[in-house]
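See below for the structure under consideration.
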Amino acid sequence: MKHKENKKGLGLESSVILLDYYQVLKGKEWIWEFVFPIISSLVVSIIYCCNNAVIPALRKLSDLLPTTISILIGFTTMIITLLITSESEKINTLKQKTIENKIIRDKEVSLYQKILIKTCHSLFIEITLLFIVFIYLFLHGINITNIYLSFSFLVLETLLLIETLISIFSNIKEIYFAFYK
């Protein structure tokens, strides 16, 4: 398979990962993996805001998240590498199973592709979360943060953290049920 580099466009190819991810989800998965993180991150952030604890929460997250997310990024990258390079019988079984009524770019999606899409999405979210934490740390370091900006960062960090955890759980569930009906 040849990879052709296309010099045209805006360079937003990474958005394909997100589009494929939400396109491959089933109805209840969509609610669990898209709606639930948004609602829960807003609720958590509002509770912290009402208790005047947004800044302490962000400080604690800033202490914990860079190391934790970096480790998760390493593991997720390893999983993607294993999925892509493995020629095992189990991987071939996943490639043979297709998902009902799921078509992306005029092709049926196999269970292997769904797991790969979900894992790539997880990696994308983890990297985005790490980037947002670093932006917050930078802005906080030069004293540019206020309560509105801090609240926005808390919502974003909480949202992406919940999405990351749900994505990891969802990947585990997909692999488990692929082999045990």
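We number each residue from 1, following the sequence as shown. Computed from a prediction, not measured in an experiment: that's the story for all the values here.
- Contact record, E163 with I125: OE1-CD1, 3.6 Å, taken as the closest heavy-atom pair.
- The closest donor-acceptor contact from the side chain of S40 to the backbone of P37 lies under 3.5 Å.
- Using a distance-only test at 3.5 Å, with no hydrogens or angles considered, no donor-acceptor pair links the side chain of S122 to the main chain of K118.
- Between atom OG of residue S150 and atom CG of residue L139 there is a gap of 9.5 Å, rounded to the nearest 0.5 Å.
- Looking at every heavy atom in both residues, V155 comes nearest to S41 through O-CB, 3.8 Å.
- Rounding to the nearest 0.5 Å gives a distance of 12.0 Å between CD1 of I132 and CG of L137.
- With I127 as the partner, the side-chain contact (heavy atoms from CB on, under 4.5 Å) test is satisfied by one option alone out of T76, T77, I73: I73.
- Residues S70 and L130 approach most closely at OG-CD2, 3.9 Å, considering heavy atoms.
- Summarising the geometry, atom CG belonging to L129 is positioned 9.5 Å from atom CG belonging to L159; distances are rounded to the nearest 0.5 Å.
- No donor-acceptor pair under 3.5 Å is formed between the side chain of Y136 and the backbone N or O of R59.
- Note: the hydrophobic cluster containing W32 does not contain V44 (ILVMFWY, side chain heavy atoms under 4.5 Å, direct or indirect links).
- A donor-acceptor contact shorter than 3.5 Å links the side chain of N146 to the backbone of Y148.
- Hydrophobic cluster membership is shared by L58 and I147, with clusters built from Ile, Leu, Val, Met, Phe, Trp and Tyr side chains linked at under 4.5 angstrom.
- When all heavy atoms are compared, the tightest approach of T158 to S45 is OG1-OG, 4.2 Å.
- Counting heavy atoms from C-beta on, the side chains of I135 and F153 come closer than 4.5 Å.
- Between the side chains of E29 and S170, no donor N or O sits under 3.5 Å from an acceptor N or O.
- Between V133 and I69 the shortest side-chain heavy-atom distance does not fall below 4.5 Å.
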**Q.** F75/M78 under side chain to side chain contact (heavy atoms under 4.5 Å, CB included): CA gap, chis, key distance, verdict
**A.** CA-CA 5 Å; F75 279 117; M78 180 189 62; 3.7 Å; yes

Q | From CA spacing to verdict: side chain to side chain contact (heavy atoms under 4.5 Å, CB included), L123, T119 | A | CA-CA 6 Å; L123 181 62; T119 307; 6.0 Å; no

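- The nearest pair of heavy atoms linking K95 to S110 is O-CB, 3.4 Å.
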Q.
With side chain to side chain contact (heavy atoms under 4.5 Å, CB included) as the criterion, how do I168 and L72 come out once you've worked through the C-alpha distance, each side chain's angles and the decisive distance to 0.1 Å?
A. CA-CA 10 Å; I168 291 168; L72 282 175; 3.8 Å; yes

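- Within a 6.0 Å radius of NZ in K60, other residues, nucleotides and ligands contribute 12 heavy atoms or fewer.
- If you chain together hydrophobic residues whose side chains sit under 4.5 Å apart, F131 and F124 fall into the same group.
- S167 is listed as a side-chain neighbour of H121, based on a closest heavy-atom distance under 4.5 Å.
- Connection of I55 to L149 is not established within any shared hydrophobic cluster, with ILVMFWY side chains joined at heavy-atom distances below 4.5 Å, either directly or through further cluster members.
- To the nearest 0.5 Å, atoms CD (E157) and CD1 (I162) are separated by 12.0 Å.
- The minimum heavy-atom distance between L154 and Y48, with the atom names listed, is CD2-CB, 3.8 Å.
- L64 and I71 are assigned to two separate hydrophobic clusters, defined by single-linkage of ILVMFWY side chains at heavy-atom distances under 4.5 Å.
- Looking at F36 and I31, their side chains never come closer than 4.5 Å, going by heavy atoms from C-beta outward.
- For the atom pair C120 SG and I79 CD1, the distance stands at 11.0 Å (nearest 0.5 Å).
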